[in-house]
Amino acid sequence: DVQLVESGGGSVQAGGSLRLSCVVSGYAYSDGYCLGWFRQAPGKEREGVATITLETGNTDYADSVKGRFTISRDSAKTTLFLEMNSLKPDDTAMYYCATGVYCANVLSPSEYDTWGQGTQVTVS
């Protein structure tokens, strides 16, 4: 039973930075296991932000965040991070981390099975 707990959200001014964390527990490594960060603003669909595939270490980013956001894991491979720089008001959303077993379309929320409760990011 995978459990995800996000933290690190908050309110920042445009141009600022935040580092989100997601503690991942209750999972065992398997081929193609993937983790991702997603976000959803009120009235909008949930969208993929950044993902990492555990087997290969490959990362993927939404075009809107490339060059500004970085996804990574700690050395113990128990915590997922999202470093967000040069934040814009359009980045305002609830941010979720999630895991999936099959990762063919890594930025698609439908590929993910287990979700955290979310952490709010507000940029003004």
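The model shown is predicted, which means the values in this text are computed figures rather than measured ones.
The side chain to side chain contact (heavy atoms under 4.5 Å, CB included) test with T99 is passed by exactly one of L35, L80, D113, L54: L35.
Within the structure, no pair that satisfies the disulfide bond (SG atoms under 2.5 Å apart) test touches residues 44-88, not counting sequence neighbours. The salt bridge (Lys or Arg N to Asp or Glu O under 4.0 Å) pairs that include a residue from residues 9-18 number zero, where partners must be two or more places apart or lie in different chains.
Within the 4.5 Å cutoff, the side chain of T92 has no heavy atoms near those of the V121 side chain. With contacts defined as side-chain heavy-atom distances shorter than 4.5 Å, the pair F69/L82 qualifies. Side-chain contact between I71 and Y61 is present, with heavy atoms from C-beta onward closer than 4.5 Å. Within the 4.5 Å cutoff, the side chain of I52 has no heavy atoms near those of the N58 side chain. Here the side chains of V24 and T79 are not in contact, with every heavy-atom distance at 4.5 Å or above. Looking only at side-chain heavy atoms (C-beta outward), Y95 and M84 come within less than 4.5 Å of each other.
Taking the ring-ring contact (aromatic ring centres under 6.0 Å, His included) definition, one finds that F38 meets it with Y112, W115, sequence neighbours left out.
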Please table the atom pairs, donor to acceptor, closer than 3.5 Å between any side-chain atom in residues 15-22 and protein atoms at least two apart or in another chain.
from : atom 1 : to  : atom 2 : distance (Å)
S17  : OG     : N85 : OD1    : 2.9

In residues 40-47, what donor-acceptor pairs under 3.5 Å come from side-chain atoms, sequence neighbours left out?
from : atom 1 : to  : atom 2 : distance (Å)
Q40  : OE1    : R46 : NE     : 3.3
Q40  : OE1    : R46 : NH2    : 3.3
Q40  : NE2    : K44 : O      : 3.1
E47  : OE2    : R39 : NE     : 2.8
E47  : OE2    : R39 : NH2    : 3.4

Taking only distance into account, with no hydrogens and no angle test, what donor-acceptor pairs under 3.5 Å do side-chain atoms of residues 5-13 form with protein atoms, sequence neighbours excluded?
from : atom 1 : to   : atom 2 : distance (Å)
E6   : OE1    : Q117 : N      : 3.0
E6   : OE1    : G118 : N      : 2.9
E6   : OE2    : C97  : N      : 2.9
E6   : OE2    : G118 : N      : 3.3

**T78/V23 under side-chain contact (heavy atoms from CB on, under 4.5 Å): CA gap, chis, key distance, verdict** = CA-CA 6 Å; T78 58; V23 177; 5.6 Å; no
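Using a 4.0 Å cut-off between charged nitrogen and carboxylate oxygen, D91 and K88 do not count as a salt-bridge pair.
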